[in-house]
Amino acid sequence: MNKMDRSILALREMDALAAGDSPVHQLHPVAKLLTTIAYIAATVSFGKYQLSGLLVMILYPALVFSLSGVGVGTCLRKLRFVLPLVLAVGLFNPLFDRAPLLTVGGVTVSGGVVSMVTLMLKGVFCLAASFLLMATTSIDDLCAALRRLHVPSLLVTLLLLTFRYVGVMTEELSVMTDAYHLRAPGQKGIRFAAWGSFLGQLLLRSMDRADELYGSMQLRGFSGSFAYAGSKRFSGRDAVWLILWALIFALCRSFDVAGVLGALLMGGNR
Amino acid sequence: MIQFENVTAYYEKDAPILKNVSFTVERGEAVGLIGANGAGKTTLMRALLGLLPHEGRITVDGVEVTKKTLPEIRRKLGFVLQNSDNQMFMPTVYEDMIFGPLNYGASREEAEARVDAVLSRLELTELKHRHNHKLSGGEKRMAAIATVLAMEPEAILMDEPTSALDPQNRRLVINTVRELPETKLITSHDLDMIWDTCDRVILLDRGTVAADGPAEEILRSRELLETNRMELPLRFSAL
């Protein structure tokens with residue numbers, strides 16, 4: 001299996017994950033989309049030293065992971081290329097902000113270290129929430145949700161077709177790469193001299209296939225906007241999910257829930 | 001129902017693939033379109049569906065194929081592509097099947113009823129929620145036919161419906177196609193399949209109609225077929 005085949009499988013794996021049947025999968029896509037947006041907004045709005053407050057935000061991804069049956073390992077594997085970038089954000093904060101902020105077990109922690117950890121957690125939480133949205137909602141449902149929120153049809157269709165055509169192009173690339181390596185045994189990668197014709201062929205072949213696919217869509221009445229197959233009715237359960245989470249996020253944002261819990265558990269002696 | 005009058009179709013204007021082609025397909029007829037590679041079979045289908053520019057007159061139920069009438073024409077004609085991977089662009093069979101009816105304004109309930117009816121008619125109900133990329137070649141071809149039938153077309157066009165299928169799946173597709181009551185226009189190199197499914201055959205050669213007549217007459221004529229770069233169907237060549 002070449003790299004392209006693995007990419008195709010990865011794309012299909014997301015489709016397969018989104019086709020699950022857990023309580024989270026069954027929620028209306030608009031409810032999931034709005035909850036995710038609210039979560040991201042609440043998470044990024046924490047101040048750079050509000051680490052304890054931010055920690056409570058793990059509740060949402062943790063619960064969704066548990067309810068949806070999507071594995072944390074799957075998430076980490078899918079995000080393995082992005083996570084290091086996110087973790088790199090704020091890496092230099094400890095160098096610029098050395099003012100002591102708090103003492104933990106006799107060790108003084110600078111503001112830079114706290115802000116670095118806060119930034120990293122914000123990134124990880126937001127990525128996890130976005131991943132969970134994609135893993136529990138098919139691209140068609142997601143696009144249907146965007147249309148319901150009045151995102152312009154052109155943008156939504158563009159998003160959907162891009163998602164579909166990435167697969168088409170990757171498939172063509174996979175076939176061409178296999179054909180190349182079968183006649184270039186022992187060669188690592190594709191020789192530089194062949195890049196031009198390889199990319200040219202890839203473009204032409206992808207265009208041909210895209211043209212054929214588009215023809216097939218036109219023949220079945222496609223005229224520029226999708227009549228989204230997966231759209232469902234927004235039920236009371238969806239409203240409860242959305243409102244409840246919005247309230248929890250607002251609560252976490254307004255009060256230092258971790259601090260309050262800590263004070264309660266420690267009997268106020270912190 | 002389908003009429004071609006002096007039709008010339010082309011990809012590049014100075015190199016027409018189809019030249020002055022004329023014929024009529026009556027409602028309910030099953031017509032096989034045969035010819036060697038490059039004879040113009042697929043081009044003819046694409047011109048009929050308005051996917052290719054043409055000169056001359058093509059009509060479907062009296063409606064001329066023009067840019068303006070394409071939605072109406074395409075509503076009447078269902079096209080099964082040679083490569084089912086290009087036909088099935090949605091994640092699951094169900095989503096692919098419901099795509100056409102919804103686009104043509106059917107309500108969700110009506111579209112779902114149609115999907116269920118077609119799946120049951122073709123005995124494919126177990127495929128309904130399967131992912132397209134997990135279907136075998138034969139299943140994919142049957143699902144592709146189902147997506148077209150869900151649109152309730154008046155005529156079905158098929159481009160090489162049995163290509164790349166194993167014998168059992170080929171037989172399944174042939175039996176299915178034979179039972180379809182709609183008007184059929186089928187291109188294929190599989191002349192045994194054409195024999196099994198079509199009453200009439202149009203033989204194309206280098207973009208022109210070389211012969212048009214009963215399947216019995218054309219598919220048994222070794223001389224006619226060989227003159228036009230074809231061979232007798234296997235069932236007759238062994239005799």
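Remember, it's a predicted structure, so these values are computed and weren't measured experimentally. Quick note on labels: first sequence line is chain A, next is B, and so on, each numbered from 1.
Under the 6.0 Å cut-off for aromatic ring centres, W245(A) and Y39(A) do not qualify, their centroids lying 6.0 Å or more apart. Under the 6.0 Å cut-off for aromatic ring centres, F249(A) and Y60(A) qualify, their centroids lying closer than that.
Although no hydrogens or angles enter the test, the distance criterion places no donor-acceptor pair under 3.5 Å between the side chain of D61(B) and the main chain of M1(B).
Contact of the Q201(A) side chain with the E172(A) side chain is not registered, since no non-hydrogen atoms from C-beta on lie closer than 4.5 Å.
Residue contact with chain A, scored on non-hydrogen atoms closer than 4.5 Å, involves the backbone and the side chain of L49(B) alike. Contact annotation for E171(A): neither backbone nor side-chain heavy atoms come within less than 4.5 Å of a heavy atom of chain B. Residue contact with chain A, scored on non-hydrogen atoms closer than 4.5 Å, is absent for R75(B).
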